[in-house]
Asker: 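Have a look at the structure that comes next, please.
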Amino acid sequence: MLLNAANTGGFFYLVPFVVLFPVIGLLINMFVGGRLGEKAIGAIACLGSGLAFGVAVLLGLALVGKPDGLVVPYLDWITIGTLQLQWAFRVDTLSVTMMLVVGGVGTLIHIYAVGYMHDDVRHNGDPGRFRRFFVYFNLFIAAMMILVSASNYMMLFIGWEGVGLCSYLLIGFWYEKGKDGIGNALAGKKAFIANRIGDLGFLIAAFLMFKYFQPLAPNGVFSFDFDSVASLAKQVPPSGILAITLFLLLGVTGKSAQLPLYVWLPDAMAGPTPVSALIHAATMVTAGVYLVARSHAIYSLVPMAQNTVAIVGGVTALFAGTIALAQFDIKKVLAYSTISQLGFMVAAVGMGAFTAGMFHLVMHAFFKALLFLSAGSVIQGIERGEHHVEQDPNLRKRMKHEMHFDAQDMRNMGGLRTKMKVTFWVYLVGALALSGIIPLAGFWSKDEILTEASALNPAVYWLLLLAAFLTALYMGRQILMVFFGESRSEPVAHATESPAIMTVPLVILAGLSVVGGFINFPSVNTFTHWLANTFSAVAEGTAGGEAAPAGFNFVIATVSTILAVGGLLLAWYLYMNRVHEMRRLPQNQRADDPLRPILGPVFTLLENKYWVDEFYGYIVVKPYEWLSGFLADKVDWNFWHDFFHDTILVGGFNGATRLLSGPIDLGFIDGISNFLADGFKELAGQMRKIQSGFVRNYALSILIGVICIIGYLIIRLG
Amino acid sequence: MVSVNYYLALSVILFIIGALGVLIRRNAIIIFMSIELMLNAANLAFVAFARYWQAMSGQIFVFFIMTVAAAEVAIGLALIVTIFHTKSSIDVDQISTLKG
Amino acid sequence: MTLQLLLFLILAVIAIVAAIGMLVSRSAVYAALFLILDLLTIAVFFVLLNAPFIAVAQVSVYTGAIMVLFLFVIMLLGAERAAGEVRTITWQLPLAIVLGVVLLAEAVFIIVQQRNALPAVATQLPVDFGSPAQVGTSLFSNYLLPFEITSVLLLVGIVGAIVLTKSEKK
């Protein structure tokens, strides 16, 4: 019955609710959350996200019956002459895929986050944080839903900016913590600024789009709609399309953390782990990939842009992979791994293998979210152990005296396999999936990308292959350092497993990581056909659609599997066997990582991330700070404030006032009044003499008056 | 029958002489007497016109003037006596404390 | 020149001379006596103008009472001689004379110019014109209110005179 209802397409009109449910959730939490308990706030937030997922499921069911989808207009936003922007939701297979990922993974992470934040509040105090977190989290879901359900570029941009904002808010969530008490806030700021540079690219692309597309639009009214862009793209001169696509690429490098704007993602690990999982692994960072997939109509027209995108993706994948090898923070490894995997996705959609890219996006969402959440579980387990150690004076003595115990440093970990069993098993599943071990999810998607790459762009193929090897190597390294061997510090030795509210979502995600790959099993290709509805519908009338998917290539699959297994074995050799040898050396000669003596200075280079941040600081940040300092001090303060304002305006005004009050008011006006007064005094002094005091004079004046009156009468009447 | 103009001329002359007396003399009592002369000049004019117009009201008015003159003299002289007690002189030029 | 006119001129000369005499006499008593002469002359004029009652009132009230009062005060104050010769206002005398002349000129001018303005009237008078009966009738009928007020005025005068000259009780 439900399918019948779905078949009529009525469910399509539910699409505004993917946005509205999270919004309602956040509004409730914002306004009445202060009076609710933790459980209630968490429940409302999870419902907000969960109901959105439910609506996405319904939309998916509806699409099964009517694969073409629908554009559901909601309201008119801006209508000015040649520009008409609408809030319209687009239900098609691509957007619903994203909605399902965002809603599904998002809801699981919400549930996890209830447990995580509960522990965080208990350890760090400040209960108000709980509510703030879930308000921001729901806001993120809402913004991401707007992004993926948009039917035009401007609405997409609204979501784009919205997720950027939420990223900033959530990275700096513990705003009083971090290096020097301000580190987290600075990380948030860095994320926002790097994203902003990307957004600038997006905006310039949008302006160029308007310039080129608007004259071609019907009635000269352009609405940035995806369909109209796709249908008009062929009539635009190729140079214009090239410019648009390259500027969009700039936006993609910002949002999806590719070269050169990736620098914010590692710093973003300062935020709570659920944030890293949701935003910086599963959803927000994939927005760039989604954008390129959505703009396939225009990218297909300019092979040069496609090539650029693919190269950027490939180089980033390899670059980030090398850095991940030398990081010691558990989350930083995962961050660089994310950048690397995003490189895979970007390369895929750049080459034109849109389905492969989206496939990897969905798979990556599963196991990267799983890995981050598990890492969060590990960290909290260690913090619980730390708490336990601090309560017990005996244990405290045994703990090495360190200035600050870093619960995230892998060098302190080890042997957690026995202490946190569930976390270990799910983490293992995630790591194997990421490395691309058959039959887990990552194998199928990565393999598809490699297959396409070998056919379309061999250079990128080699880059990605090398990156895949490194992926296996650093994930193996991580597993072995964290879970195997002996505990290298007291708190780790007393770590405990996380509560069920956190481990259950982990298990669910692990399950998805195992079976997820089968949605696009080669030669069945369910997912390809599902997405083809979107990509080829465009291809029919217009710009080039997607190339036909290549079949399963046995050679490539074998090569990639060998490399993956080889990477894991190498990690085993280094971190299980060589570590034992290293232990025999005395303490001060012992390196902290077996790779360090092997790679020598290269290791230091990788550990310091190629000093890219410092380079940027020197080239960009310092001149900019100098310029702003100059403008603030010299121009604004010295010139405008001191000179112009104080000297000219205030001084001039004071001078004018002094002039008016002094010579003019006191001198001139007072002079006039004084002159009059003195004159009158003189006059009165003279007139006083009439009062001589003599009666006879008075009588005389009377007589004079009489004479005058009589004289007057004579003259008048005479 | 003497024309009323002659009486008027005489009245005017007597009045002017009285006025001069007020202005020139410094003795308070003489000034007072000059005022009486002026009043009488006016009385003369009134009676002349009463005769001319054959109206009794002129004479009645003279009656009243006389009455008022009597009262005025009484008070005026009382005043002069009082001033004399203070100043020991009836020279009006010495009563000049209201000088401005 | 009728007898009346001649009589009038003689009396007028006497009046004017007496007035000038009062003006210039150095002694206050002489001035008072000149004024008495003047008043009597005017009384005669009143008789000529058919105002016998007023004439008698002039003699008895004005001359008999008021002038006597003057003489009493002169005696009381010993103000026979004119006070000090120091002239305080030297310009008063010439100016007064000039003004007197101007006023005289004005008055003469009016009288001469208007001498024919008054219409001629009957010279015959009623028999008892100006008699006491007439005066009394008019006074107590038409002018009763002013009469009564005048009596109050006289009362005020009496009281005032006494108050003014009353010496402070030590």
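Throughout, a chain's letter reflects where its sequence line sits, starting with A, and its residues are numbered from 1.
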Asker: Check whether E72(B) gets within reach of chain C through its side chain, its backbone, both or neither, counting any heavy atom under 4.5 Å.
Answerer: neither
Asker: Determine the option with the most heavy-atom pairs under 4.5 angstrom with chain B, choosing from A107(C), P146(C), G160(C).
Answerer: P146(C)
Asker: Give the minimum heavy-atom separation between L14(B) and A19(C), together with the two atoms involved.
Answerer: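 Heavy atoms of L14(B) and A19(C) come nearest at CD2-CB, 3.9 Å.
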Asker: If I measure from the heavy atoms of chain C, does I60(B) come under 4.5 Å with its side chain, its backbone, both, or neither?
Answerer: side chain
Asker: For F129(C) versus Q54(B), what's the shortest heavy-atom pair and its separation?
Answerer: CE1-C, 3.6 Å
Asker: What closest approach, in Å, do V62(B) and I54(C) show between heavy atoms, and which atom pair accounts for it?
Answerer: CG1-CG2, 3.6 Å
Asker: If I take atom CG from residue L23(B) and atom CG from residue L93(C), how far apart are they, to the nearest 0.5 angstrom?
Answerer: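 The CG atom of L93(C) is 10.0 Å from CG of L23(B), to the nearest 0.5 Å.
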Asker: At what distance, to the nearest 0.5 angstrom, does OG of S25(C) lie from CE of M33(B)?
Answerer: 7.0 Å
Asker: Counting only non-hydrogen atoms closer than 4.5 Å, does V68(B) touch chain C with its backbone (N, CA, C, O), its side chain (CB onward), both, or neither?
Answerer: both
Asker: Find the distance between CE (M22(C)) and CG (L37(B)) and round it off to the nearest 0.5 Å.
Answerer: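 Nearest 0.5 Å value for the CE-CG distance: 5.0 Å.
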Asker: With a 4.5 Å cut-off on side-chain heavy atoms, are F84(B) and L76(C) touching?
Answerer: no
Asker: Run the numbers on L139(C) and F64(B) for side-chain contact (heavy atoms from CB on, under 4.5 Å), then give the verdict.
Answerer: CA-CA 10 Å; L139(C) 198 57; F64(B) 282 124; 3.7 Å; yes
Asker: Side chain, backbone, both or neither: which part of S34(B) has an atom under 4.5 Å from a heavy atom of chain C?
Answerer: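 Answer is both: backbone and side chain atoms of S34(B) are under 4.5 Å from chain C.
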Asker: Using a 4.5 angstrom heavy-atom cutoff, name the option from L104(C), V163(C), V61(C), I158(C) with the most pairs to chain B.
Answerer: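 Sorted descending by pairs with chain B, the first entry is L104(C).
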Asker: If the condition is side chain to side chain contact (heavy atoms under 4.5 Å, CB included), which residues does I111(C) pass it with, not counting sequence neighbours?
Answerer: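 Per chain and number, I111(C) pairs via side chain to side chain contact (heavy atoms under 4.5 Å, CB included) with N5(B), L8(B), A9(B), V12(B).
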Asker: Got more than 12 heavy atoms from elsewhere within 6.0 Å of OH, Y6(B)?
Answerer: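 12 or below, so no.
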Asker: Taking the side chain as every heavy atom from C-beta outward, state whether L153(C) and T67(B) have any atom pair closer than 4.5 Å.
Answerer: no
Asker: Any idea which heavy atoms bring I66(C) and A70(B) closest together, and the distance?
Answerer: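 I66(C) and A70(B) have their closest heavy atoms at CD1-CA, 3.7 Å.
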Asker: Would a distance-only check, ignoring hydrogens and angles, find a side-chain to backbone donor-acceptor pair under 3.5 Å from Q92(C) to I24(B)?
Answerer: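 No: the side chain of Q92(C) does not pair with the backbone of I24(B).
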Asker: Could you tell me if the side chain of F46(C) sits less than 4.5 Å from the side chain of Q59(B), heavy atoms only?
Answerer: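 Of all side-chain heavy-atom pairs linking F46(C) with Q59(B), none is under 4.5 Å.
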Asker: Please state whether the side chain, the backbone, both or neither of A65(C) comes within less than 4.5 Å of a heavy atom of chain B.
Answerer: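 No part of it gets close to chain B.
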Asker: Check the surroundings of atom CZ in F15(B): do more than 12 heavy atoms from other residues, nucleotides or ligands lie under 6.0 Å from it?
Answerer: no
Asker: Do you know the tightest heavy-atom contact between R25(B) and V24(C)?
Answerer: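 Closest pair (atom of R25(B), atom of V24(C), distance): NH1-C, 3.8 Å.
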Asker: Within this structure, what is the CD1-CG distance for the pair I42(C) and L10(B), rounded to the nearest 0.5 Å?
Answerer: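 One finds 7.0 Å between CD1 of I42(C) and CG of L10(B).
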Asker: Given a strict heavy-atom distance threshold of 4.5 Å, which part of V108(C) is in contact with chain B: side chain, backbone, both, or neither?
Answerer: neither
Asker: Among pairs that include at least one residue of residues 33-60 of chain C, which meet side-chain hydrogen bond (donor to acceptor under 3.5 Å, both in side chains), considering only residues two or more places apart or in two chains?
Answerer: N40(B)-Q58(C), R51(B)-N50(C)
Asker: Determine whether M56(B) and Y143(C) satisfy the following criterion, side-chain contact (heavy atoms from CB on, under 4.5 Å), listing intermediate values before the conclusion.
Answerer: CA-CA 11 Å; M56(B) 283 307 293; Y143(C) 298 100; over 6 Å; no
Asker: Tell me, for L44(B) versus chain C, whether the close heavy atoms (under 4.5 Å) come from the side chain, the backbone, both or neither.
Answerer: both
Asker: Starting at CG of L164(C), measure out to CG of L77(B) and round the result to the nearest 0.5 Å.
Answerer: 11.5 Å
Asker: Can you label the angle between the F63(B) ring and the F147(C) ring as parallel, tilted or perpendicular, going by 30° and 60°?
Answerer: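 Geometry flag for F147(C) against F63(B): parallel rings.
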Asker: Identify the two heavy atoms, one from A51(C) and one from V47(B), that lie closest to each other, and give their separation to 0.1 Å.
Answerer: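 It is CB-CG1, 3.8 Å.
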Asker: Check whether L99(C) gets within reach of chain B through its side chain, its backbone, both or neither, counting any heavy atom under 4.5 Å.
Answerer: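 No part of L99(C) comes within 4.5 Å of chain B.
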Asker: Stepwise, does the side-chain contact (heavy atoms from CB on, under 4.5 Å) test hold for V73(B) with Y62(C)?
Answerer: CA-CA 10 Å; V73(B) 165; Y62(C) 240 113; over 6 Å; no
Asker: Sort F46(B) into side chain, backbone, both or neither according to what part of it lies under 4.5 angstrom from a heavy atom of chain C.
Answerer: neither
Asker: Roughly how far apart are N43(B) CG and F45(C) CZ, rounded to 0.5 Å?
Answerer: 13.5 Å
Asker: Would you mind checking which part of L35(C) comes under 4.5 Å of any heavy atom in chain B, side chain (CB onward), backbone (N, CA, C, O), both or neither?
Answerer: side chain
